[in-house]
Every structure is written in C-alpha cells, then in structure tokens.
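Below is one structure, written out as structure tokens; comments come after it.
In what follows, chains carry the letters A, B, and so on, assigned in the order in which the sequence lines appear, proteins first and then strands, with residues in each chain numbered from 1.
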Protein chains: 2
Amino acid sequence: MTEQSRIASRFKASAAVPQGLANCPVRNVLDQIGDKWSTLFISLLGEKPHRFGELRRAVPDISQRMLTQTLRDLQRDGLVSRHVYPTVPPSVEYRLTPLGQSLLEPLSHLIRWAETHHAAIRTARGEFQRQAA
Amino acid sequence: MTEQSRIASRFKASAAVPQGLANCPVRNVLDQIGDKWSTLFISLLGEKPHRFGELRRAVPDISQRMLTQTLRDLQRDGLVSRHVYPTVPPSVEYRLTPLGQSLLEPLSHLIRWAETHHAAIRTARGEFQRQAA
DNA sequence: TGACTATGGTCTCAAAATGAGAGCAGGGTA
DNA sequence: TACCCTGCTCTCATTTTGAGACCATAGTCA
C-alpha cells in the first residue's frame with residue numbers, strides 16, 4: 001500500500017466517536033481552506049501584504065460581503081493577520097501569519113497539478129457533455 | 001522571490017481577458033476539487049474502488065443527492081470512472097481514473113499540512129473567540 | 001398474497017449560503 | 001453644499017444544499 005493510498009484513513013481518524021467524521025481534523029481544516037475563495041487570497045497574500053481594497057480590485061468577482069467574511073475566517077484560523085492604520089479614512093492591511101505561509105508550500109503542489117492537468121479536465125468535460133447530448 | 005510567492009500569478013494567468021479571473025484554469029480546477037466533498041471521495045477511492053452504497057455509509061453526513069452530484073461532477077472532470085454491473089438490483093462501482101490518481105500525490109501534501117497544523121488552527125479559533133467575547 | 005429487504009437513483013420542498021446593491025461614519029476635497 | 005474615499009454592515013433575491021419521500025426491480029420470509 002503506497003502512502004497515497006492511505007490518505008483516506010486520515011479523513012476517518014475520528015470516525016469512532018459520535019459525529020467523528022464531521023469533527024475529523026482533516027475535514028475540519030480542508031473545509032475552510034477549500035472554500036471558493038480562501039486559497040486565492042492565501043496566494044495573493046503570499047505575494048505581499050494587501051489592503052482590503054487591493055484585494056477587492058484583484059478579485060473583482062467576489063462580493064464585498066464574502067471578502068469580509070473570508071478574511072475574517074482566515075484570521076480566525078490564524079492564517080492571516082489584520083492590521084489597522086489610524087489614517088483617515090482608516091486603512092486595513094492583511095498579511096499571512098507564519099502559519100499561513102506554511103500553507104503556501106503544499107498549496108503550490110495542488111496549483112502545479114491544476115496547471116498541468118487542466119487541459120485534460122477540459123477535454124474530459126467536453127467529452128462528457130458530448131456523450132450526454 | 002521564492003517559488004511559493006509566485007503562486008498568485010498562476011491564479012491571475014487569464015486576468016487580461018474579460019472574465020479572465022473566473023476562467024482562470026487554476027480557479028476553474030480548484031473550485032471543483034476544493035468543494036466540500038470532492039477531496040474526501042478522491043481519498044476514499046484512492047484506497048480502493050467503492051460502490052455507491054459503500055461511499056454513502058463511509059460518509060454518513062452527506063445527502064444522497066449530493067453524493068450523486070459530487071460523483072457525477074468528478075466523473076465529468078475525468079477524475080472518476082463509473083462502472084455499472086447488471087446484477088439485480090444493479091450495482092455501480094466508482095474508481096479513480098489515472099488522472100484522479102495523479103491528484104492523490106499533491107492532495108497528500110495538503111492533508112499532511114492539515115494534520116500537522118490543525119492543533120494550531122484550533123488554538124487560533126479558541127483565541128479568536130475569546131477576544132470576541 | 002403481503003410486507004419487507006436492498007440497490008442506485010430522482011423529485012420536491014425547506015433551510016442555508018451567497019450575490020447585488022444600498023447605507024454608514026467621518027474626515028478630505030471642490 | 002455636494003461628492004469621494006475607506007472598510008465595513010444590512011437587507012433582499014438568487015443559488016446551493018439538506019431532508020425526506022418516491023421509483024423499479026427482484027429476492028426473502030410468513
């Protein structure tokens with residue numbers, strides 16, 4: 001059994017206790033960083049600290065509401081820190097914490113995979129639709 | 001500039017064209033595999049092929065509706081293949097395709113990260129809540 | 001015969017998450 | 001006076017998800 005084939009057991013680590021799967025550490029963490037926006041902002045902040053408005057302009061298709069919420073969730077998880085400068089109007093800067101930076105490395109593997117295989121996935125999607133029609 | 005700090009540019013690869021960000025290959029791919037259930041089933045199927053009912057029992061907190069849909073999406077993207085056996089009642093088996101298997105490796109990095117740091121994240125969440133109160 | 005099992009789904013309706021857009025404080029600028 | 005800028009929050013509509021009933025088929029038990 002290769003190391004990869006054991007991945008599933010990591011998800012099931014807590015399956016013994018009630019609601020164990022929902023509390024599984026891996027799912028717990030991946031549910032957050034695997035949402036629609038988190039990885040994108042972690043990548044942007046990995047480049048350099050950004051202000052709120054910079055992030056909004058960098059990702060025009062997020063609503064301000066979700067941007068606020070995503071940043072707060074990342075902050076809550078200790079991946080991002082928030083710094084308010086008492087200028088007028090006040091400006092707010094977001095940065096990766098060391099914990100957030102440590103995520104850049106494994107994330108980069110996933111991104112490399114996506115770059116390498118997105119053509120194959122597009123082909124598969126086309127194929128699938130052709131068969132459905 | 002380290003390799004990791006350039007991650008953001010991969011997301012922005014298509015920012016030049018209209019709606020480029022939404023069509024960005026990386027976001028396109030990560031949006032799918034980063035949903036609430038996909039990584040979990042890819043991991044399970046990485047262990048061995050599973051039947052529909054096995055997957056449902058392995059993940060009791062998914063609704064049958066979402067299980068069906070998640071599997072169909074993975075199949076559409078060419079990560080999972082579906083095999084129907086004409087028994088009575090018919091049984092259906094799902095397996096990873098080679099493309100799906102190639103995802104196990106980068107995924108394992110992320111899972112290792114989650115295992116390593118979930119304690120820190122829980123601590124951060126507790127800290128955050130304490131400050132809010 | 002009738003009730004019940006199991007399989008892999010679909011359909012409908014309610015609940016939850018998200019998007020769109022307005023509003024807000026508070027000082028700057030014209 | 002009127003308007004801009006910042007980083008939000010609030011409300012309401014749309015979209016996504018969850019819960020649960022329903023379906024066809026055939027076997028099993030009484």
### Message
Show me the pairs that pass salt bridge (charged side-chain N to carboxylate O under 4.0 Å, His left out) and involve residues 76-98 of chain A, at least two apart or across chains.
### Response
A:Asp73-A:Arg76, A:Asp77-B:Arg125, A:Glu93-A:Arg95

### Task
Using the test salt bridge (Lys or Arg N to Asp or Glu O under 4.0 Å), find all partners of B:Arg65 that sit at least two apart in sequence or belong to another chain.
none

### Query
For A:Arg51 and D:dG7, is the shortest distance between a side-chain N/O and OP1 or OP2 below 4.0 Å?
yes

### Task
Please name all residues satisfying side chain to side chain donor-acceptor pair (under 3.5 Å) with A:Gln75, sequence neighbours left out, ordered by chain then number.
none

### Query
What's the CZ-P distance between B:Arg56 and C:dG8, to the nearest Å?
7 Å

Just the atom pairs and distances: protein N or O near nucleotides 21-23 of chain D's N or O, under 3.5 Å.
none

### Query
To the nearest Å, how far apart are B:Arg57 CZ and C:dT7 C1'?
10 Å

### Query
At what distance, to the nearest 0.5 angstrom, does OG of B:Ser108 lie from CG of B:Leu103?
9.5 Å

### Summary
For A:Arg72, the salt bridge (Lys or Arg N to Asp or Glu O under 4.0 Å) test, sequence neighbours excluded, returns none

### Query
So which pairs with a foot in residues 56-98 of chain A pass ring pair (Phe, Tyr, Trp, His ring centres under 6.0 Å), sequence neighbours left out?
none

## Note on the structure
Across all chains, not counting sequence neighbours, the salt bridge (Lys or Arg N to Asp or Glu O under 4.0 Å) partners of B:Asp35 are none

#### Entry: Nearest-angstrom distance from the residue atom CG of A:Leu71 to P of D:dG7
11 Å

### Query
With A:Trp113, which residues qualify under ring pair (Phe, Tyr, Trp, His ring centres under 6.0 Å), at least two apart?
A:His117

### Message
Rounded to whole Å, how long is the line connecting atom CD of A:Gln75 with atom C1' of D:dC8?
### Response
13 Å

#### Entry: Under the salt bridge (Lys or Arg N to Asp or Glu O under 4.0 Å) test, residues paired with A:Lys48 that sit two or more places apart
A:Glu54

### Query
Roughly, in whole Å, what's the span from CD in A:Glu93 to P in D:dT6?
15 Å

### Summary
Sorted by chain and residue number, the ring pair (Phe, Tyr, Trp, His ring centres under 6.0 Å) partners of B:His109 (sequence neighbours excluded) come out as A:His109

## Note on the structure
The contact string for nucleotides 15-20 of chain C, one letter per nucleotide 5' to 3', using protein heavy atoms under 4.0 Å with B, S and - for base, sugar-phosphate only and none, comes out as ---BBB

### Task
Name every residue in residues 80-90 of chain A that has at least one heavy atom under 4.0 Å from any atom of DNA chain C, in order of residue number, or write none if there are no such residues.
A:Val88, A:Pro89

### Task
Mind running salt bridge (Lys or Arg N to Asp or Glu O under 4.0 Å) on A:Arg130 and A:Glu127 for me, showing each step along the way?
CA-CA 5 Å; A:Arg130 205 169 309 123; A:Glu127 198 63 39; 3.1 Å; yes

### Message
Just the rounded figure in Å: distance from P of D:dC8 to CZ of A:Phe52.
### Response
6 Å

